[in-house]
J.: 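One structure follows; several queries about it will come next.
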Amino acid sequence: MNHFLDELNSIQREAAKSTEGPVMIIAGAGSGKTRVLTYRIAHLIEKNVDTFNILALTFTNKAAKEMKERIAKIIGHSEAKNLWMGTFHSVFAKILRIEAEKIGYPNNFTIYDTEDSKSVIKEILKQFNLDDKIYKPSLVLNRISDAKNKLISPQHYQNNILTQQEDQNSRKPLLGQIYANYQKRNFKTGAMDFDDLLYQTNVLLRDFPDVLLKYQNKFRYISVDEYQDTNFSQYLIIKQLAARFQNICVVGDDAQSIYAFRGANIQNILNFEKDYPDLKTYKLEQNYRSTKTIVAAANQIIANNKEQFKKTVFTENEEGYLLKVIKANTDNEEGQKIANHIFETKSQNQIMNSDFAILYRTNAQSRSFEEALRKLNIAYKIYGGISFYQRKEIKDLLSYFRLIINNSDDESIKRIINYPARGIGQTTIDKLTVAALEHDISLWTVISNLKEFNLGINAGISTKINDFVTQIKSFNLLLAYKDAYELANQIAVSCGIVKELYNDKTPEGVSRYENIQELLNGIKDFVEQPRTPQENELNEVIKSVIDPSNSTEFNEETDYSLKTLDEFMQEITLLTNVDKEDDKEGDKVSLMTVHAAKGLEFKYVYIVGLEENLFPSQLSISSRSDLEEERRLFYVAITRAEKQAILSFATMRYRFGNITYCEPSRFINEIDDKYLDYPKENIQKKFSDDSFGGYRTNYLKNNKLDENALTNNEKTNVITFNPSNKKLIKINSNLSSSSSILDTKLNKNLIAGDWVLHDKFGKGQISALEGNWPETKANIIFENVGQKSLLLKFARLNKIN
DNA sequence: AGCCCCGGTGAAGTC
DNA sequence: CACCGGGGCT
C-alpha cells in the first residue's frame, strides 16, 4: 500500500515533512493546501509526536471536523480524538472556560452574539442620553470591535490622542466612554463578546506567565490555516504560544485575503518573515482544480493588485471553456438567463445540480435566482442568510438555557422575562433596569431580591416576577443532574414556548414550532454522542462550577458521564451557519455569497451582479486597499470554478425600491478578451433601447419627463433624466453631493474649444468630446498637467472665457 | 399590556 | 422593497 505522503507532489511533500521550526506555506488557489496540512499533521503523529501536543487552527469548525476525519482515516480514530482543532474562537473559548477565573470571569461565562452586543450598546446610549442616530449601535460596535482586535483597551483608547481625534472629527467624542462602560457591563454580567474571546486570551497570556508556559508546553506544534485572514489579536496569540518551541506552520494565500473588514491584516502574512528570520517558505503553485483558461484569467485579475507575494499559479489541466459573459437588462432577466444556462448545460452534459454554484456579492441578490430556478424546477439551496441559531424562536429558547447557566446574563433576562407573555411590561422592566444600574448590580440580583428594593411595583406584578425567578432557580438545580435533552425538553414545555408556538397555526408559527423541535432533536443527538477527551477535561472544570454549592451532599451521586445543557451551549454558541450545513442532503444548485464560497469548488460557477457599485461594492471604490480586497474577492470567486466560470451583469436593477442603472464591473474589463466569450456589443451598448424587462416607463409625457409620474422614492432620491434615450438615471447620493450634481449638469452644454477650470488640474481647453450624455467623455488639454480624458457627468468643471 | 399601522430609513462580507 | 421603532388605539 502506498504511503500517504506519496500522494503529494514534491513541493507539497517537502512542506508536509518540514515539521520543525517556523514554516510558511503560500498556497495558490486549488493547490491542495488542505491536503498538505492534513498529511503534515498525520506525518507528525506518525513520527510519534503526541497528539496532545498538536494544535490546528482552521477557518471554520466544519473545516476542522473534516480535517480531523481525514487524519483519523490515516492514523486511526482513537489517536485523532486528542487533537485540538477548531477555529480561533472555539479553541480559545475552551481555554478561557478553564482559566476564566484567573482574569475575573466565571467559567460559565456567556458568549454574546452581535445582537446581544448591540442591545447592550443601546442600553448604554439610553443611560448616557445619547442620540442613536449619531451613535449608531452597529457603528459603535464596529469601533469597539476594531479596538479590541488591535488590543486597544478602554483606558488605552481614552488616553490615545489619535482615537480621540478621530472620534471628535466624526462627532462621537464619547465612544471611549461607551467602550469602557460596555466592557464593564459585560464583565459584571459574566459575558464575553466574540472579540473578547481573543482579547481576553491575550490578557490571560500576558498577565499569567505560568498559564502561558502551560499552553506553550502543551501546544508544541501549531498550524494555522487561512493565515491571511487573521487579525492582530490572533497573530499575537499565535506568536506567544509558539515562542518557546517555534514549531509554527502558517498556511495561506495573500491573494485570497477577504476579511480586512473584520480586522484581518494581510500584513500578518507579508511580515511573517520578519518575525521568524530562519523561516522556511514553500510555495504551492500548481493548481489541480481549474482549467488553464480559468487559471490564466484569475492570474490576470490579481496582477492588478499592488500588494502581494510573487507567485505563479499554473496548471496542467486542459485548456477548457472560455469565461462566458452574460448581459441582462434587469436583475430578473439575469436570474432567468442564468437559470436557463444551468438548464441547458445540464441537459447537454448530464451534470448534477450540485455541480453548479451561483455566487453573488450580497445576500439580497439571491431573490431573482430563486424565482427563476423555481420556475424551471431546478432544486437549489441557499447558504448563509439568517442562521438557524439566530432565529427568533431559537434565540428565545436558548436564552432560557443561557439564563439558567449564568443568572447574571442580563440580555437573556430582558429577552424572556415577558416571553411568553406573563404580564411584566416595559414600565416594570425599566424600573428593574434603573435599580440594577443605581446599585451597580445585575438584573438577576434585583429580581431575585425584589422585596429589598422599593420600586413601586404592584403586588400582582411582583408575584409574577417571583414566579419567574423561582422557575429559573428550579431549572438551575437540575442542570447538573439531568442530561441536556431531558432538561431542554422540560424547559421548553414548562416555560410555555412550546404551547405558544403550537397554538399559532399560521405558516410562520408552524415553521417556528418545527424549528424548536429541530433544536430539541439536535440536543438529543448531542447527548447520544460520547465525549472526546478534551470535552472530558473541560467538563471537569465546568462541572465543579455549575454544581450548586448548597447541594454538596449530592456530589457523590453526581453522574459526570451525563452530557448536560451547559455543555451543549458551549458546543453550539460558536457554530456558524456554514458549520451547520449538511451538503449531502439532496442534489441542489448552491446559492451563496462569494465570502461563503471560500474553500469550496464547483464545476460551473456563476459570478453574478458584476456591476460597478455592486461588485466592486460602492463602499470600496474610493479606497485603493478596499478595491484590492474586492479584487481578491473576485479572484476567490473565479478560482472556485473547475470547468467554467460564467460572469453576468444587468444594466438595471432594483435597489432600495428604485430603479438604478448599472455599468458592467471593471473586473470584467481586466480580463483579456482572448479568455472571454461574449459578443462585443454586449458591453458597449449599455444603454440600448432594449425592452424594460417589466419595469415601468410611464414617466414620459410628450417625450419629456413628467415629474408628477415619479414615485415618492424617485422624487426624494436624486434622479436625472437622460433625453437621448428617455431613461431615468439615479445619481447615487453618496458619491455626488447635491451641489456637484448641479455643477456637472452644466457640463452638458460644453463644446469642443471651450476653456474650463478644474478643481485639481487647473486651466485647460476641450479638444474633443465623444459619446452621448451622460456618458460623454471630454478630452481636455490642461496647461499644467497635460491631456486628460474626463467623464463630463462627474468632472467638476467651470467654463471660463 | 399588547396589537396594529404608519413612516422613516437603510442593503457587504462574519466569528 | 423590507425592517424597525414609535405612537395610537383597544
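Each chain gets a letter, A, B and so on, in the order the sequences are listed, and its residues count up from 1. We use all heavy atoms of the structure for the numbers below, so side chains are in, but hydrogens, waters and symmetry mates are not.
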J.: How do A:Gly423 and A:Glu630 order along DNA chain B: which one's closest nucleotide is nearer the 5' end?
T.: A:Gly423
J.: Rounded to the Å, how far apart are A:Lys133 NZ and B:dG10 C1'?
T.: 12 Å
J.: How close or far is atom P of B:dA1 from atom CD1 of A:Ile465, stated in whole angstroms?
T.: 10 Å
J.: May I ask you to decide whether A:Lys126 forms a salt bridge with A:Glu123, counting only side-chain N to carboxylate O separations under 4.0 Å?
T.: no
J.: When rounded to the nearest Å, what value does the distance between C1' atoms of B:dA12 and C:dG5 take?
T.: 24 Å
J.: Categorize A:Gln234 for me: base, sugar-phosphate, or nothing, with a 4.0 angstrom heavy-atom threshold over every strand shown.
T.: nothing
J.: With nearest nucleotide decided by heavy atoms, which residue, A:Gln426 or A:Ser617, maps closer to the 5′ end of DNA chain B?
T.: A:Gln426
J.: Let me know the distance between CZ of A:Arg655 and P of C:dA2, rounded to the nearest Å.
T.: 16 Å
J.: Does a nitrogen or oxygen in the side chain of A:Thr427 sit under 4.0 Å from OP1 or OP2 of B:dA1?
T.: yes
J.: Expressed as a whole number of angstroms, how long is the span from A:Leu627:CG to B:dA12:P?
T.: 17 Å
J.: Expressed in whole Å, how much space separates the C1' atoms belonging to B:dA11 and C:dG6?
T.: 23 Å
J.: Can you tell me how far C1' of B:dG10 sits from OH of A:Tyr654, to the nearest Å?
T.: 17 Å
J.: Verify the contact: side-chain N or O of A:Lys598 to OP1 or OP2 of B:dT14, cut-off strictly under 4.0 Å; return yes or no.
T.: no
J.: Cut-off 3.5 Å, side chains only: do A:Glu99 and A:Tyr215 have a donor facing an acceptor?
T.: yes
J.: Parallel under 30°, tilted from 30 to 60°, perpendicular over 60°: which one fits the rings of A:Tyr360 and A:Phe369?
T.: parallel
J.: Starting at NE2 of A:His89 and ending at P of B:dC15, how long is that distance when rounded to a whole Å?
T.: 9 Å
J.: Does the Lys NZ or Arg CZ of A:Lys392 fall within the cation-pi geometry relative to A:Tyr419 - under 6.0 Å from the ring centre and within 45° of the axis?
T.: yes
J.: What does A:Tyr259 touch in the nucleic acid at a heavy-atom separation under 4.0 angstrom: a base, only the sugar-phosphate, or nothing?
T.: sugar-phosphate
J.: With a non-hydrogen cut-off below 4.0 angstrom, is A:Thr114 in contact with a base, only sugar-phosphate, or nothing?
T.: base
J.: Which residue is it: A:Arg415, A:Arg402, A:Lys414, A:Arg391? I am looking for the one with a salt bridge (Lys or Arg N to Asp or Glu O under 4.0 Å) to A:Asp396.
T.: A:Arg415
J.: For A:Asp146 and B:dT14, give me the distance from atom CG to atom P, rounded to whole Å.
T.: 17 Å
J.: Please measure how far the C1' atom in C:dC4 lies from the corresponding atom in B:dG13, and state the result in whole Å.
T.: 22 Å
J.: Please check the phosphate of C:dC1 (OP1 and OP2 only) for any side-chain N or O of A:Asn658 closer than 4.0 Å.
T.: no
J.: Quick one: A:Leu141 CG to B:dG13 C1', roughly how many Å, whole number?
T.: 15 Å
J.: Which nucleotide wins on minimum distance to the side chain of A:Ala364, given the candidates B:dA12, B:dG2, B:dA11?
T.: B:dA11
J.: Heavy atoms under 4.0 Å, any strand shown: does A:Glu629 hit a base, just sugar-phosphate, or nothing?
T.: base
J.: Across the strands shown, which category fits A:Asn418 at heavy-atom distances under 4.0 angstrom: base, sugar-phosphate, nothing?
T.: sugar-phosphate
J.: Using a 5.5 Å cut-off between ring centres and planes within 30 degrees, is A:Phe261 stacked on the base of B:dG13?
T.: yes
J.: Can you tell me how the ring of A:Phe187 sits relative to the ring of A:Tyr105, calling it parallel under 30°, perpendicular over 60° and tilted otherwise?
T.: perpendicular
J.: Would you indicate what A:Lys122 reaches in the nucleic acid, counting non-hydrogen atoms under 4.0 angstrom: base, sugar-phosphate, or nothing?
T.: sugar-phosphate
